[in-house]
Number of protein chains: 2
Amino acid sequence: MKEIKQRSSCPISTSLDVLGDKWTLLILRDMVFAGKSTYGQFLQSAEKMATNILADRLAVLESQGILTKAVADDKKSKFTYRLTEKGIDIVPIIVSLILWGAKHYLTDINPALLEELQTGKDAAIEKYQRLAREKSLA
Amino acid sequence: MKEIKQRSSCPISTSLDVLGDKWTLLILRDMVFAGKSTYGQFLQSAEKMATNILADRLAVLESQGILTKAVADDKKSKFTYRLTEKGIDIVPIIVSLILWGAKHYLTDINPALLEELQTGKDAAIEKYQRLAREKSLA
DNA sequence: CTTTGTACTTGCAAATTGCAAGTAAATATA
DNA sequence: TATATTTACTTGCAATTTGCAAGTACAAAG
């Protein structure tokens with residue numbers, strides 16, 4: 001049970017109590033946009049998260065009900081992490097971070113994705129939420 | 001010159017390199033939604049930021065071109081911090097954090113603001129961006 | 001000319017991060 | 001069946017960051 005201390009009753013502050021660090025949202029990015037679902041897959045990302053940090057953040061996300069952990073279907077030595085509806089509700093935050101980062105810094109975002117987000121942000125959010133929902137049922 | 005290390009070329013990762021901590025977005029919240037613009041005003045927020053952290057984050061935000069610092073009009077011993085267009089572009093991120101936090105945690109968000117954001121998110125974002133833009137010219 | 005206001009800076013203990021190595025159970029291979 | 005590999009962590013420790021309290025510097029007020 002990784003507890004989170006709520007610094008104030010402000011919703012922004014509370015969101016940051018849970019998500020406000022350099023790693024947590026990268027795990028969720030990997031789940032939503034790269035279809036990742038295992039510890040080993042998260043470790044392979046370009047940012048090279050340390051193993052202890054990853055284990056800690058996964059425990060926080062699980063205890064906050066943002067994702068669930070279950071033994072994988074194919075191997076008993078593997079776990080599958082899945083997004084809950086609360087986790088899927090984070091997609092708009094991730095999308096807003098993509099748009100700001102891509103606008104103000106040099107990044108290598110997929111041009112098709114950027115176009116999709118710029119021309120129909122709400123529709124794109126719904127699309128990725130639907131895809132995440134389908135994946136989380138698998 | 002507070003430099004930021006870009007961990008990868010991913011736009012989400014880059015946004016988090018700049019904004020990914022527990023305090024930075026609270027400063028921006030105070031500017032956008034509480035009309036705050038001075039060091040002393042930021043210190044008064046409910047979350048009680050330490051003075052050294054505040055000074056550090058303001059320096060990062062200034063060096064990243066998210067806000068500007070200028071001697072206040074009324075007192076020469078005071079500084080006024082103003083949002084740049086790059087800073088105003090962060091409003092959608094803040095709004096998405098408000099909506100997620102208010103939906104999934106017990107907070108005391110202003111019901112009128114919540115209603116406004118839920119019924120017309122894009123319009124509300126534009127409104128607060130316009131208000132911030134007007135204030136930043138004052 | 002002393003006190004107050006505003007914006008920091010400094011010093012230090014505590015907490016967090018980051019790196020490397022080690023552990024444990026399940027699975028694959030010889 | 002014995003050994004090696006895969007997968008998911010845990011542990012130890014140094015380095016960095018945070019958080020708290022006190023101190024500094026300059027302008028403005030009394």
Side-chain angles (χ1 to χ4, degrees), chain A residues 1-8 13 16-27 30-31 34-64 67-82, chain B residues 1-8 13 16-27 30-31 34-64 67-82:
Chain A
M1 289 290 159
K2 292 272 178 182
E3 296 216 353
I4 293 289
K5 187 158 70 178
Q6 207 170 335
R7 288 172 295 172
S8 79
S13 168
L16 293 175
D17 289 336
V18 180
L19 307 173
D21 75 329
K22 302 218 179 300
W23 298 110
T24 303
L25 286 164
L26 293 186
I27 297 172
D30 285 349
M31 296 184 80
K36 295 184 182 179
S37 61
T38 68
Y39 185 92
Q41 288 177 325
F42 298 134
L43 280 184
Q44 287 161 26
S45 296
E47 295 84 9
K48 296 295 164 198
M49 186 168 359
T51 59
N52 54 343
I53 307 285
L54 175 58
D56 177 85
R57 294 307 185 277
L58 286 171
V60 170
L61 288 169
E62 193 191 354
S63 75
Q64 288 298 310
L67 45 79
T68 60
K69 178 184 183 176
V71 174
D73 289 339
D74 52 337
K75 280 185 175 185
K76 282 177 187 166
S77 64
K78 251 169 61 175
F79 291 101
T80 299
Y81 291 94
R82 291 188 179 86
Chain B
M1 288 291 159
K2 292 272 178 182
E3 296 216 354
I4 292 287
K5 188 158 71 180
Q6 207 171 336
R7 288 172 295 171
S8 79
S13 167
L16 293 175
D17 289 336
V18 180
L19 307 173
D21 76 328
K22 302 219 180 298
W23 298 110
T24 303
L25 286 165
L26 293 186
I27 297 173
D30 285 349
M31 297 184 80
K36 295 184 182 178
S37 61
T38 70
Y39 185 91
Q41 289 176 325
F42 298 134
L43 280 184
Q44 287 160 26
S45 297
E47 295 84 10
K48 296 295 164 199
M49 186 167 1
T51 59
N52 54 344
I53 308 284
L54 175 58
D56 178 85
R57 294 307 186 277
L58 286 171
V60 171
L61 288 170
E62 192 191 355
S63 75
Q64 288 298 309
L67 46 79
T68 60
K69 178 184 183 177
V71 174
D73 289 339
D74 52 337
K75 279 187 175 183
K76 281 177 187 167
S77 64
K78 250 169 63 175
F79 291 102
T80 299
Y81 291 94
R82 291 188 179 86

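Convention: sequence-line order gives letters A, B, ...; per-chain numbering from 1.
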Atom CD of B/Gln41 and atom C1' of C/dT6 are separated, to the nearest Å, by 12 Å

Taken to the nearest whole Å, NZ/B/Lys5 to P/C/dT17 is 15 Å

Applying salt bridge (charged side-chain N to carboxylate O under 4.0 Å, His left out) to B/Glu47 and not counting sequence neighbours gives B/Arg29

From CG of A/Leu43 across to C1' of D/dT7 the rounded distance in Å is 10 Å

Review item, side-chain donor-acceptor pairs of residues 50-58 of chain B, under 3.5 Å, at least two apart:
{"residue": "B/Asp56", "atom": "OD1", "partner": "B/Lys2", "partner atom": "NZ", "Å": "2.7"}
{"residue": "B/Arg57", "atom": "NE", "partner": "B/Asp21", "partner atom": "OD2", "Å": "2.6"}
{"residue": "B/Arg57", "atom": "NH2", "partner": "B/Asp21", "partner atom": "OD2", "Å": "3.0"}

note: A/Met49, atom CE; C/dT17, atom P; distance rounded to Å ~ 12 Å

Counting N and O atoms only, with roles assigned by atom type, does the side chain of A/Lys36 sit under 3.5 Å from a partner on the main chain of A/Met31, one being a donor and the other an acceptor?
no

Between NZ of A/Lys36 and C1' of D/dA8 the distance, given in whole Å, is 16 Å

Q. Under 4.0 Å: is that the gap between some side-chain N or O of A/Tyr81 and OP1 or OP2 of D/dC9?
A. yes

In whole angstroms, the gap separating P of D/dT16 from CD of B/Glu3 amounts to 16 Å

note: B/Asp17, atom CG; D/dT17, atom P; distance rounded to Å ~ 13 Å

With sequence neighbours left out, the residues meeting side chain to side chain contact (heavy atoms under 4.5 Å, CB included) with B/Thr38 are B/Gln41, B/Lys78

Expected string for nucleotides 18-30 of chain D under the B/S/- scheme (protein heavy atoms, under 4.0 Å, primed atoms plus P, OP1, OP2 as sugar-phosphate) is SBBBB----SS--

B/Lys76 meets the side chain to side chain contact (heavy atoms under 4.5 Å, CB included) criterion, sequence neighbours left out, with B/Val71

Tell me whether the OP1 or OP2 atom of C/dC8 has a side-chain N or O from B/Lys69 closer than 4.0 Å. yes

By side-chain hydrogen bond (donor to acceptor under 3.5 Å, both in side chains), B/Gln6 pairs with (sequence neighbours left out) B/Thr14

